[in-house]
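Here the structure is laid out as structure tokens; the discussion comes afterwards.
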Amino acid sequence: MKRVPALFALVFLIATGCAFADAGKPGRAAIASAHKLATDAGFEVLAEGGNAFDAAAAVAAALSVLEPQSSGIGGGGLFLLRRASDGKETMVDARETAPNAVDAKDYVDANGEANRDHSTNGPLSAAIPGEAAGIVWIAQKYGKLPLSKSLAPAIRLARDGFKPDSRFLGELAGRKDVIKRFPASTSLYLVDGEAPKEGWVFKTPDLARVLETIAAQGNDGFYKGEVARTLVDGVRAQGGRWTLDDLAGYQVKERVPLTVDYRGWHIVTAPPPSSGGVALAEILNILGGYDLSKYDRVHQIHLTVEAMRRAYRDRAAYLGDPDFVKMPIAELTSPLYAAGLRASIHPDKATPSDLLPGYMDTQQGTHTSHFSIIDKDGNLASGTQTVNLIFGSGFVVPGTGFVLNDEMDDFALVAGKPNAFGLVGNDNNAPGPRRRPLSSMSPSFVVGNDRIGVIGTPGGSRIITMVLEGILAFVGGEQPEKIVANPRYHHQYLPDVISAEKGAFTPDEIAALEAMGHKVSESERRWGFMNAVSWNSKTGEMHAASDPRGVSGSGEVR
Ligand code: DON
């Protein structure tokens, strides 16, 4: 009799492709986030007896205060969780939704072109926020501590203030003109109408009050009552279409993560409404058919770019909100489909992306925020949260202390026309009541026999390829410290160009890629703000690293 469970466990381990389910416990915790004070907030709640999920709630809430240019309770997020006690894996989808009264015509001008001002600035650009509901859901369903404890560090930071870093101040200066359109945004973020200088102490007592209300009342503290009324009145006063029903009806969704096996590694990642998991699965399935280590670096890049190109084409063609759109996910993520795509890749020649528009200098950057956590028991949390573009819509409702997102721009507002990230789409990603816009956020776990990595980054459409390169580096034996710092390259089907950070390729590699028919564009800017942690269950080694591209990021093991 006793042999049956053992046999079952063995079959389970083989079926899941790894020994992770039986890997013991780390005994320490690792947290990497975009701000040292957010990382500290996570450790603070762990010290109070919380688990990785309480820490995720604390870090997410603290980042909402510390990095309003990147994420916040006026935005949303996707949170991938793994509970060590039973191996449960889930993605908490706290993505924003379009309001019920959304009118696609708001986002199209008289010439049929996308109205980028409406989709990226001010109240019309703001979708119904999901972040607060996500934080509450994670803390209450998976955490051990009351919300009052997990939100305490964020409340303290909002009330007492902190000194924003040069990235915050620089990005604020860049968004000043839109912020100036709205009186509450101006008084919150500007000093005498100008972007503040280093040394400025940023306090948000209004946000502290909203967070306290959430800590006391849970979801109702944001989505019903006083806060909800203030938000709806403020949005409508400036021409937005939100209603109380939109807020009261907002729902977090739990989604089954996408998984893909790549050369003995098990990748757990974000399903729709993220496009990240499907694209990663396609790319990894294509690449899994080659032994990349046997190719020279130019051919490694060529094959990877060709896989990226094909995956981003499918992103544009098929993906949208899973609650509204039927998508061939099983087909797109199957090894058989990847084999067909692989067969279409010429070993030495670029496949031109058809119907090419000219090269667009798409948005890239460090806004949006990713954090990665492993706790002492082996629970994992990988969260990416955003207000979309820098300081979201730039619009703060008076009395709330936080900026609203401009996530409406992530919809395909005009089919085939690129959004701020140069991404195209069709009706599958059209705006509609309560729909979630397609995201690129790709919080992921990389699970091997002995090593587990938790990884993610901001960076708009480049998120997926950055996470891919991070996964490949981890699988190749690199540690988080190197992975977050590696130079990056990217291809997204349209525009048909490999964009690369300086240092990603040597001049000889660029020449060789161009000889194969690729166009290479080196970017003056660097992109991404990756935060990754890892644990080696054999040696006990843990790593936590924050991207050197960020200013205040911190990864620590304690
Ligand atoms: O969900 C998405 O894909 C975008 N809203 C993310 C925006 C982003 O990463 C901006 N950072 N550079």
Side-chain angles (χ1 to χ4, degrees), residues 34 63 67-72 74-80 91 93-98 116 119-120 125-131 134 167-168 170-171 174-175 269-280 312 315-316 319-321 361-371 383-394 403-413 418-425 429 431 435-444 456-467 488 490 492 499 501 523 525-531 547 549-550 553:
L63 288 170
E67 280 195 300
Q69 77 274 33
S70 295
S71 70
L78 302 177
F79 305 94
L80 191 68
M91 185 181 82
D93 168 1
R95 182 76 166 154
E96 301 89 330
T97 54
R116 295 250 83 87
S119 69
T120 60
S125 70
I128 304 303
E131 181 80 17
R167 184 172 67 94
F168 180 124
E171 293 185 333
R175 203 75 166 111
T269 184
S274 174
S275 56
V278 174
L280 284 169
Y312 275 81
R315 178 199 199 277
L319 301 185
D321 181 341
D361 190 12
T362 53
Q363 297 263 353
Q364 53 201 19
T366 57
H367 44 295
T368 298
S369 207
H370 179 84
F371 61 83
T384 312
Q385 54 183 41
T386 188
V387 287
N388 197 27
L389 303 181
I390 294 172
F391 285 94
S393 64
V403 78
L404 297 182
N405 68 84
D406 58 351
E407 221 68 65
M408 293 303 291
D409 193 63
D410 275 351
F411 282 114
L413 298 167
N419 75 353
F421 299 108
L423 292 167
V424 291
N429 188 28
R435 279 194 181 210
R436 286 159 150 87
L438 192 60
S439 175
S440 300
M441 293 188 287
S442 310
S444 300
T457 183
S461 58
R462 292 167 162 85
I463 290 174
I464 302 167
T465 52
M466 282 189 257
V467 170
R488 295 160 180 156
H490 170 76
Q492 62 180 45
S499 55
E501 287 185 319
S523 166
R525 297 181 49 199
R526 307 186 81 204
W527 64 78
F529 193 161
M530 186 173 277
N531 287 296
D547 199 320
R549 293 164 185 79

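Note that ligands are numbered from 1 as they come in the structure, with each ligand's atoms numbered from 1 the same way.
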Option among R549, R167, M466 that satisfies the side-chain contact (heavy atoms from CB on, under 4.5 Å) test with F529:
R167
Tell me the closest heavy-atom pair linking L438 and S274, and the distance in Å.
CD1-C, 4.2 Å
Is ligand 1 under 4.0 Å from a heavy atom in the side chain of F421, in the backbone, in both, or in neither?
side chain
If hydrogens are left out, which of P273, G392, G76, S440 has an atom nearest to atom 3 (O) of ligand 1, that is, the closest non-hydrogen atom?
S440
Please list, chain by chain and in numerical order, all residues satisfying ring pair (Phe, Tyr, Trp, His ring centres under 6.0 Å) with F79, sequence neighbours excluded.
none
Least distance between heavy atoms, E96 atom then G76 atom
OE2-N, 2.9 Å
Could you work out, for atom 4 (C) of ligand 1, the closest of I463, D410, T386 by heavy-atom distance?
D410
Looking at every non-hydrogen atom in both residues, tell me the closest pair between H370 and G383 and how far apart they are.
ND1-O, 2.9 Å
Please list, in number order, the atoms of ligand 1 under 4.0 Å from a heavy atom of M441.
1 (O), 3 (O)
Quick note on ligand 1: atoms under 4.0 Å from a heavy atom of G460 include exactly 8 (C), 9 (O), 10 (C), 11 (N), 12 (N)
Among S439, S275, S461, G459, closest by any non-hydrogen atom to atom 1 (O) of ligand 1
S439
Near R95, which atoms of ligand 1 are under 4.0 Å from a heavy atom of that residue?
1 (O)
Quick check: closest heavy atoms across N531 and D547, and the distance to 0.1 Å?
OD1-N, 4.1 Å
